[in-house]
2 protein chains.
Amino acid sequence: MSGKREQNKRLTRQAIVDSARMLFIRKGFELTRIEDLARQAGIGKGTVYSYFSSKEQILIEMISEERQQLVARFEQRNDESAPIGEQILTLFLCQFDYILEHREIARLMYRESLFPVKPSIHQRHQVDNSYLNAVVGLVRRGQQRDEINPNGDALSAAIIFYNHYSMAISGWYMGYIESEDMTMNLRHLIEMAINGLHRSTDNTSTSPALKLARLTATPLETP
Amino acid sequence: MSGKREQNKRLTRQAIVDSARMLFIRKGFELTRIEDLARQAGIGKGTVYSYFSSKEQILIEMISEERQQLVARFEQRNDESAPIGEQILTLFLCQFDYILEHREIARLMYRESLFPVKPSIHQRHQVDNSYLNAVVGLVRRGQQRDEINPNGDALSAAIIFYNHYSMAISGWYMGYIESEDMTMNLRHLIEMAINGLHRSTDNTSTSPALKLARLTATPLETP
DNA sequence: TCAAAAACTCGACCGTGGTCAACTTTTTAT
DNA sequence: ATAAAAAGTTGACCACGGTCGAGTTTTTGA
């Protein structure tokens with residue numbers, strides 16, 4: 001009987017991730033005990049650790065599965081004829097929907113994903129990559145339409161958008177950005193990224209201000 | 001004898017933070033046991049928890065102290081006549097020096113600081129604020145000199161710069177940005193933030209590409 | 001000055017993430 | 001078919017972060 005092990009291992013691994021999804025979402029990450037998770041998956045506690053090296057790794061794999069669905073959701077919602085900035089916004093808002101639903105889980109994901117213990121060898125990278133690639137795709141279309149400078153590097157531009165998005169999420173977790181302001185702020189960030197912060201040719205143009213709760217700059221002291 | 005308690009409490013609190021600095025830096029955060037830390041500070045384990053609610057909070061206070069020194073270091077190094085982009089770069093590089101020295105500690109700081117458990121009530125906010133205010137100050141000077149659009153909101157612009165910086169640090173932790181490329185990449189990010197990603201008036205201008213290790217966009221498929 | 005109250009200190013104790021040596025199941029080789 | 005080897009499973013066990021109630025010191029106020 002060859003391959004029986006192989007088969008079972010795949011099933012067990014999936015059972016762990018599925019149990020994790022259920023329990024993490026129901027009870028939260030911290031409040032889920034590995035032993036309960038193992039019970040739920042129908043295996044012993046020790047076995048969990050022959051599939052994953054830590055509780056956090058289980059979370060990471062779970063999230064990685066969820067993300068794939070998000071890109072799919074985006075492709076449904078997206079209006080391909082809209083300005084490229086709006087399309088990028090749509091992509092980000094799909095992600096933000098998920099965050100709103102699963103605040104704690106998503107928070108842990110960002111923590112681990114943006115500041116990982118070691119420069120990832122993981123497949124997780126692949127996932128992040130694939131998400132970034134969605135942005136790259138949009139940027140390229142923007143370049144074709146001349147909404148984004150076609151002489152610039154698409155990847156760099158995509159990263160710039162992604163930077164702003166990630167930090168907007170951070171701002172939300174920090175309490176600087178209210179949920180209802182997220183759309184507007186992201187829109188402004190994208191707009192400013194495209195137009196730049198320099199004084200534009202038509203002289204009176206004024207870039208939009210972000211709406212930030214609890215954050216005000218120190219009053220201007222004239223030197 | 002009034003105020004004796006007050007006095008002792010300040011000393012004890014400081015002793016905890018100082019011991020933490022010593023041990024966290026020497027042995028790392030995870031490998032430092034609270035009990036050792038307490039011993040080092042000359043108090044019992046339980047007492048630690050009447051000053052700080054968790055191990056992480058000690059770290060946060062410690063970092064908060066360090067940061068104040070960083071702003072000071074910047075003011076020394078900075079050349080006030082340089083273009084504003086360069087000055088912002090200098091500010092960021094001061095911070096990055098610290099990160100290079102204390103990789104693990106700084107990593108935990110960013111995690112907690114950018115994705116906190118709850119929208120901070122903490123004083124930690126103040127620290128972050130004061131750092132951001134340094135950027136705001138530079139932006140305002142840039143506006144006076146017309147290097148940055150004076151009609152735009154200074155705080156928003158500062159946040160945009162700070163976004164890029166934070167995410168560059170993230171890229172470094174993720175292994176996308178090598179230490180030796182950090183200066184160049186930050187310079188490009190700042191430049192692109194100022195100039196924008198749009199096609200500029202002089203037609204052939206090409207914005208610089210970031211130098212990213214291990215990250216390549218999927219090859220362009222012409223649709 | 002002294003006793004009651006308040007504030008503070010402490011380490012035994014608890015719960016949980018993660019380890020490991022003993023045990024079970026599957027595969028390999030003859 | 002069978003025994004040895006390899007692979008996989010398991011829960012008792014360990015270490016450490018954090019809690020708590022008993023004990024100690026300081027403050028209050030009469």
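Only this structure's heavy atoms are used, side chains among them; waters, hydrogens and symmetry mates stay out. Below, chains carry the letters A, B, ... as their sequence lines are ordered, and counting in each starts from 1.
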>> Would you compute the distance between atom CE of A:Met62 and atom CG of A:Asp18 and round it to the nearest 0.5 angstrom?
In response: 10.5 Å
> Nearest 0.5 Å, what's the CD-CG distance between A:Gln95 and A:Leu100?
Replying inline: 11.5 Å
> So, is the end of the A:Arg13 side chain (NZ or CZ) under 6.0 Å from the ring centre of A:Phe52 and within 45° of the ring's axis?
Replying inline: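 Positive - A:Arg13 is close enough to the ring of A:Phe52 and near enough to its axis.
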Starting at atom [atom1] of [X], determine the distance to atom [atom2] of [N], rounded to an integer number of angstrom.
X	N	atom1	atom2	result
A:Asp36	C:dG15	CG	P	13 Å
A:Arg10	D:dG8	CZ	C1'	17 Å
A:Ile43	C:dC23	CD1	P	21 Å
B:Gln57	D:dG18	CD	P	10 Å
A:Phe52	C:dG18	CZ	P	13 Å
A:Glu56	C:dT16	CD	C1'	15 Å

> Relative to each other, are the rings of B:Phe96 and B:Trp172 parallel, tilted or perpendicular (30° and 60° limits)?
Replying inline: perpendicular
> Hey, what's the ring geometry for B:Tyr165 with B:Tyr131, parallel, tilted or perpendicular (30° and 60° as the breaks)?
Replying inline: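 B:Tyr165 and B:Tyr131: tilted rings.
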> Looking at residues 25-35 of chain B, who's got a heavy atom less than 4.0 Å off DNA chain D?
Replying inline: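 Those residues are B:Thr32, B:Arg33, B:Ile34.
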>> I'd like to know whether A:Met109 forms a side chain to side chain contact (heavy atoms under 4.5 Å, CB included) with A:His102, so could you lay out the CA-CA distance, the side-chain angles of the two residues, the decisive distance to 0.1 Å, and finally the verdict.
In response: CA-CA 11 Å; A:Met109 184 201 80; A:His102 307 296; over 6 Å; no
> B:Asn78 and side chain to side chain contact (heavy atoms under 4.5 Å, CB included): which partner among B:Glu80, B:Gln76, B:Glu75?
Replying inline: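 Between B:Asn78 and the candidates, side chain to side chain contact (heavy atoms under 4.5 Å, CB included) is satisfied uniquely by B:Glu80.
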Listed pairs, N/O of protein and of nucleotides 6-8 of chain C, under 3.5 Å:
from  : atom 1 : to     : atom 2 : distance (Å)
C:dA7 : O4'    : B:Arg5 : NH1    : 3.3
C:dA7 : N3     : B:Arg5 : NH2    : 3.2
C:dC8 : OP1    : B:Lys9 : NZ     : 3.2

>> Whether B:Arg39 and B:Asp36 form a salt bridge (side-chain N of Lys/Arg under 4.0 Å from carboxylate O of Asp/Glu) is what I want to check.
In response: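 Answer for the salt bridge query: no.
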>> Looking at B:Glu178 and B:Lys211, is there a salt bridge between them, counting it only when a charged N and a carboxylate O are closer than 4.0 Å?
In response: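 Between B:Glu178 and B:Lys211 there is no salt bridge, as every charged N stays at least 4.0 Å from the carboxylate O atoms.
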> Of all the choices, D:dG11, D:dT10, D:dG17, which nucleotide is nearest to the side chain of B:Lys45 once you look at every atom?
Replying inline: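 Selected nucleotide (nearest to the side chain): D:dG17.
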> Start at the 5' end of DNA chain C and walk down; is the nucleotide closest to A:Tyr49 or to B:Gly44 reached first?
Replying inline: B:Gly44
>> Can you work out whether B:Gly46 or A:Gly46 has the more 5'-proximal nearest nucleotide on DNA chain C?
In response: B:Gly46
> Bend across the helix from C:dT1-D:dA30 to C:dT30-D:dA1, to 10°, with axes taken over 5 pairs at each end?
Replying inline: 0°
> Can you check side chain to side chain contact (heavy atoms under 4.5 Å, CB included) on A:Ile99 and A:Tyr110, steps first, answer last?
Replying inline: CA-CA 10 Å; A:Ile99 295 171; A:Tyr110 277 104; 3.5 Å; yes
>> B:Tyr49 vs B:Ile34, test: side chain to side chain contact (heavy atoms under 4.5 Å, CB included). Steps then yes/no.
In response: CA-CA 10 Å; B:Tyr49 285 92; B:Ile34 291 287; 3.5 Å; yes
